[in-house]
Number of protein chains: 2
Amino acid sequence: MNAPHFSTKERILGAAETLFARHGFAGASLRQVTAAANVNLAAVNYHFGSKDNLIEEVFRRRLDELNVRRIEALNAALAVDAPKLDEVLAAFIRPALDLSLDEAGGHAFMRVLARAYAEHDERLRRFLSDNYGHVLREFAAAFTRLLPHLGKEELYWRLDFITGALTHSMADFGPMKRRGTVSEEAHRERAAEHLIRFATAGLVAP
Amino acid sequence: MNAPHFSTKERILGAAETLFARHGFAGASLRQVTAAANVNLAAVNYHFGSKDNLIEEVFRRRLDELNVRRIEALNAALAVDAPKLDEVLAAFIRPALDLSLDEAGGHAFMRVLARAYAEHDERLRRFLSDNYGHVLREFAAAFTRLLPHLGKEELYWRLDFITGALTHSMADFGPMKRRGTVSEEAHRERAAEHLIRFATAGLVAP
DNA sequence: GTACGATTCAAACGCTTGTTTGACCCGGCC
DNA sequence: GGCCGGGTCAAACAAGCGTTTGAATCGTAC
């Protein structure tokens with residue numbers, strides 16, 4: 001499943017991402033993961049300590065990069081004289097899209113992320129909020145300046161809606177079946193355009 | 001956990017809903033479910049046949065009513081001379097809100113529903129699309145008449161975004177922590193108002 | 001009362017789970 | 001050479017899983 005020139009750790013992470021996306025954290029067993037990664041069962045506990053740690057590492061690997069890219073894109077969008085709302089929004093949305101297009105398991109990761117939102121596990125939630133929260137706050141600050149008529153509460157609600165819509169559509173749960181004639185790439189590109197248009201309008205609503 | 005005057009079947013369904021929401025379908029065991037329901041372990045297989053059937057039944061119980069209420073609300077919104085967009089939208093959103101406010105496990109059910117979207121299980125997806133699809137199509141038809149400038153693809157994308165935002169916020173994953181001073185009821189009521197305002201603006205975007 | 005179907009129960013079934021163990025392999029260093 | 005330590009391996013561990021079984025219990029109709 002994974003090219004042999006990847007390290008054992010990387011092969012496990014890749015296989016785990018795919019299988020967690022497909023069957024959930026509890027639903028995918030370490031035996032499935034290690035078999036898919038062409039690795040001995042004990043390798044997971046040797047390299048990661050436990051299944052829970054493996055789950056965290058699957059998140060960390062992707063989220064670290066996603067956060068960096070979002071912050072970079074945000075700073076770029078804010079560097080001009082008159083920052084535009086749809087470009088700040090794109091700074092939030094496009095890095096996630098790019099990730100979901102990533103050669104390897106990026107698409108799978110978006111489904112893993114959606115699962116994480118559904119998990120009520122306290123440890124996982126704290127981990128995500130610790131690694132995720134400050135990015136959301138920076139975006140919120142930028143939006144506050146661009147949309148001064150919006151109250152803090154109203155703004156946070158709308159960002160929450162956008163997060164839900166983004167995750168939902170990137171993980172392609174919904175009824176929007178990709179047509180056979182449209183490449184996966186083009187399909188997601190279109191999703192981003194649609195979402196930015198939709199969310200921009202939603203944000204500027206009175 | 002459940003009042004003794006409920007039947008064994010009902011107690012199992014209630015406990016299963018809560019525990020599936022909390023730990024996922026694979027993560028919640030029948031032993032946990034039957035213990036929470038104060039019922040013998042074998043009762044699940046006696047009354048439902050299997051764990052998979054129990055999962056389906058958890059969905060059927062809530063979705064049947066949700067669909068009926070949505071269709072009723074839609075028809076009511078369309079019965080006037082000039083149907084309004086935000087009222088059609090409310091017909092989609094409010095029944096889900098009401099369900100999530102339901103005395104018993106309605107709130108838990110919204111989280112179960114979010115999990116179902118994340119499941120890639122073919123059987124479950126088919127079951128949901130069979131029981132859910134026609135309602136979405138009816139709403140799409142109503143929106144098409146109200147928003148003739150929107151192409152079919154654009155409309156379906158936007159409905160998908162709304163579904164994602166609705167599920168995400170109703171299951172309260174996001175950073176929007178309910179304040180201690182605001183009742184759960186008021187909190188969700190406000191969510192519905194915000195979402196309707198946000199989604200209406202998003203739908204009428206060019 | 002007794003017979004009957006529906007329901008509940010404790011116990012066990014075979015199987016899979018995450019984790020641990022101790023032997024083994026192999027490259028670099030003394 | 002010998003040695004060491006990081007890595008891999010097959011095997012086993014106890015615990016938990018969904019499901020099945022057969023006996024015990026219930027309410028009801030005869």
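Lettering of chains follows the sequences in order, A, B, ..., and the numbering in each one begins at 1.
Residues L166(A) and T163(A) have side chains not in contact (no heavy-atom distance under 4.5 Å, counting atoms from C-beta outward). In this structure, V44(B) and K51(B) have side chains that are not in contact, with every pair of non-hydrogen atoms separated by 4.5 Å or more. Using a 4.5 Å heavy-atom threshold, the side chains of R61(B) and E17(B) count as touching.
Atom NZ of K9(B) and atom C1' of dA6(C) are 13 Å apart (whole Å). The CG atom of L41(A) sits 10 Å away from the P atom of dT17(C) (whole-angstrom rounding). Between the CG atom of N40(A) and the P atom of dC25(C) there is a distance of 14 Å, given to the nearest Å. Straight-line distance from the CG atom of N53(A) to the P atom of dG18(C): 14 Å, rounded to whole Å. Atom pair R11(A):CZ and dG7(D):C1' shows a separation of 13 Å (rounding to whole Å applied). Atom pair L30(A):CG and dA11(D):P shows a separation of 19 Å (rounding to whole Å applied). The distance between atom CZ of F48(A) and atom P of dG7(D), rounded to the nearest whole Å, is 12 Å. Atom NZ of K51(B) is separated from atom P of dT16(C) by 16 Å (rounded to the nearest Å).
Side chains of Y132(B) and R137(B): a donor-acceptor N/O pair is absent below 3.5 angstrom, by distance only.
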List, with names and distances, any nitrogen or oxygen atoms from the protein found under 3.5 Å away from nitrogen or oxygen atoms belonging to nucleotides 13-15 of chain C.
none

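Between F139(A) and F92(A), the ring planes lie perpendicular to each other; the angle is over 60°, past the 30° to 60° tilted range.
As judged by a 4.0 angstrom heavy-atom cut-off over every strand, A43(A) is placed among residues making no nucleic acid contact.
Here the CG-CZ distance, from L66(B) to F59(B), works out to 12.0 Å after rounding to the nearest 0.5 Å.
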Practice item. Give the C-alpha distance, both sets of side-chain angles, the deciding distance and a yes or no for salt bridge (charged side-chain N to carboxylate O under 4.0 Å, His left out) between E154(A) and R158(A). Key: CA-CA 6 Å; E154(A) 180 87 48; R158(A) 294 187 185 185; 3.0 Å; yes
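Listed pair S29(B) / dG16(D) fails the phosphate criterion, with no side-chain N or O lying under 4.0 Å from OP1 or OP2. Remark: H47(A) is not in phosphate contact with dG6(D), judged by side-chain N or O atoms under 4.0 Å from OP1 or OP2. Distances shorter than 4.0 Å separate some side-chain N or O of T8(A) from OP1 or OP2 on dT8(D).
Taking only side-chain atoms of Q32(A), from C-beta outward, the nucleotide of dT19(D), dT17(C), dT8(D) with the closest atom is dT17(C). When distances run from any side-chain atom of A42(A) to the nucleotides dT21(C), dG18(D), dT19(C), the shortest one goes to dT21(C).
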